[in-house]
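Report on the following structure.
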Number of protein chains: 2
Amino acid sequence: MNLKQLSEKLGLSPTTVSRALNGYPEVSEKTRQRVNEAARRHNYRPNIRAKSLATGRAMAVGHVIPISTKHEIVNPIFADFIAGAGETYSLAGYDMVLSVVSDADEVRTYRELKSKANVDGVIVHGPQFDDRRIPLLHEIGLPFVVHGRSSAVALPYAWLDVNNRHAFERATNLLLDLGHRRIALLNGLEAMDFAIRRRAGFVAALDARGVSPAPALMRSEEMTEIYGYRAAREMLEGPEAPTAFLTSSLLTAIGVRRALEDLGLKMGRDVSIVTYDDELSYLPNGDEVPIFSATRSSVREAGRIAARMLLDQIADPGGPPQERLLEAALVLGGSTGPLAGV
Amino acid sequence: MNLKQLSEKLGLSPTTVSRALNGYPEVSEKTRQRVNEAARRHNYRPNIRAKSLATGRAMAVGHVIPISTKHEIVNPIFADFIAGAGETYSLAGYDMVLSVVSDADEVRTYRELKSKANVDGVIVHGPQFDDRRIPLLHEIGLPFVVHGRSSAVALPYAWLDVNNRHAFERATNLLLDLGHRRIALLNGLEAMDFAIRRRAGFVAALDARGVSPAPALMRSEEMTEIYGYRAAREMLEGPEAPTAFLTSSLLTAIGVRRALEDLGLKMGRDVSIVTYDDELSYLPNGDEVPIFSATRSSVREAGRIAARMLLDQIADPGGPPQERLLEAALVLGGSTGPLAGV
DNA sequence: GACAAGGTTCAAAACGCTTTGGATTGACAG
DNA sequence: CTGTCAATCCAAAGCGTTTTGAACCTTGTC
């Protein structure tokens, strides 16, 4: 059933039917109702390809998921972010198109997205410290919102980020307040902007108390469970073992806990852990009482907001780019305790 | 730059340029090269909306991600599956459009996908025992491939599944061979088809040895870490504690391990664990030596294959629906050992 | 009873591509 | 020189919408 058929059935012109369905004023209330009713009865939906060809708007948003060829890891927060964004899109009648793409194809992908005209804007995931995608998208002229920030980029751009620096500063202070001085940082890959900010917050908190960070206790890797396990074992078995860990992901924290258990240490008593928690739906940090003390911010909610921001920008491309900084909560769980022997 | 502009620049008709670009034979090799070169130089890409309006093919595939309103959990395997499928799509020049949708909106979503004509086919995720989406898609007439199966559906349909029953039968036999008799099953939600098959495999293996499964040791829930932890604690502290666990997900297994540690039990010595491992990129099961003994099958590879099957079906809608059953490997890790005291 | 004003409706063009059905050309055989 | 055939190319229609510009009714007014 297409517009022409529907209009024939109604004895009206396609023009009028189109106007009736799209809420234009120059059609009588009576016919509008007649049209709406018929459309519903025949389960009519405008062909979106034809519609967007005529209007010039794609009614779709792109997400380009980078897969670093080195690691081939799909960011685990991605699924929840998408779920949040997806809610917003479907409420607004937008589609979401996904491109999973390796670093090498990234530039080409963005260019194609624009020239093939199949999206009205994109969300940029996992920005690095100096992310080339931002100038690229500026040049291409495709509206975009960055999930995170890119510190080295001077251009204005729309972003939504968590205050990673502040979150890690607070987390570090929590450990310092408990008497810990030898604190290990198991950070994400420090090519990533968020990881740099987290490290900065960590270092700033230590500095403020006159504690100098030990290089041997700071690592930066893909945030897996194995990473947490291995790093924790090595550090705990080495000289100058840490008494507390600050990790960038719940999975890494779980790995640290496994190392503790292997070494016969008790979490929260012998060694403390604070982690960043993205509130992933399939990986909750306990329920009433969190397992890990954590800085917490919902990545799903971030998805909702970022999508909203992008739709706003598409609707009003002239406006100044929105910026939004979320604060993470600091929640206390069973993984932290005062320095043993204090 | 659109087709008309490009053709003017070349002094050719749009017809010829289109044919040249699409590899039709009725254009001389010389002009084809000239056209290709110009297209590359001007970075021309056909507007995909116009193209698919003209051809009737959307050049896109839909994935409808169900979010059960009760649990609101995004399936963690989803990200890796998408990554695999995405590879196949982009090689074939297809787009992937995602709809994150709650149970209530599911039917409407599929109907819209068809009537708005924005995809040529869909992948069905997370099929239940008697999944209504399969007859629905049959009725709608939209090509589809199911990731998994739906036992109660009699209609023929294309699917790609892992031999879950066999995998769990083998896993159970491994534990039986090690002397275990009180084996707990921490299954996924048994509304899901895969979970039903896993249970069947588990029960069959026990039956074959004359061991009767204890209802108190069989659970079925959303596969989180907390679930594993809580179930394991309750079972281990109850009467008739199990000596081994069979879990449906690595996360659940991790939860079981945490429970063991809380209770001062050693994994692999006091209590054994075998788990299903989807080989998620961000959740590897150890590296050279697996942490957990596991039945292993890559969900990413499944994504690649399922996508290929769907594209085949779109290309040849008349053919019989493809069916593909993958076998899971059984790998030995550090989580299994002979029954203590045997 | 004519005329302007508003309210409704429509025919046709446009969006950017593919594809059908010819038209044109050149080579070649008769 | 003519007719045939294949090789190239092109004009125009068509895909399903929206949107522009104009036409057609009603009214109400003088």
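First the proteins, then the strands, lettered A, B, ... as listed; each starts at 1. Everything numeric here is computed off the predicted structure, so don't read it as measured data.
Comparing dG16(C), dT18(C), dT8(D) by their nearest atom to the side chain of L53(B) picks out dG16(C). Closest to the side chain of A50(B), from the set dG16(C), dC9(D), dT9(C), is dG16(C). When the nucleotides dC9(D), dC10(C), dG16(C) are ranked by their closest atom to the side chain of S13(A), dC10(C) comes out on top. The side chain of R19(B) lies closest to dT20(C) when the candidates are dT8(D), dT20(C), dT17(D).
Put simply, CG on N118(B) is 14 Å from C1' on dT17(D), counting in whole angstrom units. The separation between K51(A) atom NZ and dT17(D) atom C1' is 9 Å, rounded to whole Å. Here dT18(D) presents its P atom at 10 Å from CG of N47(A), a figure rounded to the nearest Å. Here the P atom of nucleotide dT19(C) and the CG atom of N22(B) are 7 Å apart, to the nearest Å. Put simply, CG on L21(A) is 13 Å from P on dT19(D), counting in whole angstrom units. Here the P atom of nucleotide dT8(D) and the CZ atom of R34(B) are 14 Å apart, to the nearest Å. One interatomic measurement links the two molecules: CD of E29(B) to P of dC9(D), which rounds to 11 Å at whole-angstrom precision. Atom CZ in R45(B) sits roughly 16 Å away from atom C1' in dC17(C) (whole-Å rounding).
A donor and an acceptor atom, one from each side chain of T16(B) and S13(B), are located under 3.5 Å apart.
When heavy atoms are screened at a 4.0 angstrom cut-off, T55(B) is found touching the sugar-phosphate backbone but no base atom. Nucleic acid contact for L12(B): sugar-phosphate only, since backbone atoms but no base atoms lie under 4.0 Å from a heavy atom of the residue. No contact: S52(A) has no heavy atom under 4.0 Å from any strand. Within 4.0 Å of T15(A), counting heavy atoms only, lies at least one base atom of the nucleic acid.
Of the residues near DNA chain D, A54(B) and S18(A), the one whose nearest nucleotide (by heavy atom distance) lies more toward the 5' end is A54(B). Taking for each of K4(B) and V17(A) the nucleotide of DNA chain C with the nearest heavy atom, the 5'-most of the two is the partner of V17(A).
Here the options are F81(A), W159(A), F194(A), the test is ring pair (Phe, Tyr, Trp, His ring centres under 6.0 Å), and the partner is H125(A); only F81(A) passes.
Listed pair Y24(B) / dA7(D) fails the phosphate criterion, with no side-chain N or O lying under 4.0 Å from OP1 or OP2. OP1 or OP2 of dA7(D) has not a single side-chain nitrogen or oxygen of S28(B) nearer than 4.0 Å.
Among all heavy-atom pairs drawn from L113(B) and S99(B), the shortest one is CD1-OG, 4.4 Å.
Residues E8(B) and K4(B) are not paired through a salt bridge, judged by the lack of any N-O separation under 4.0 Å between the basic side chain and the carboxylate.
When side chains are defined from C-beta on, Y157(B) counts as touching S150(B), because their heavy atoms get closer than 4.5 Å.
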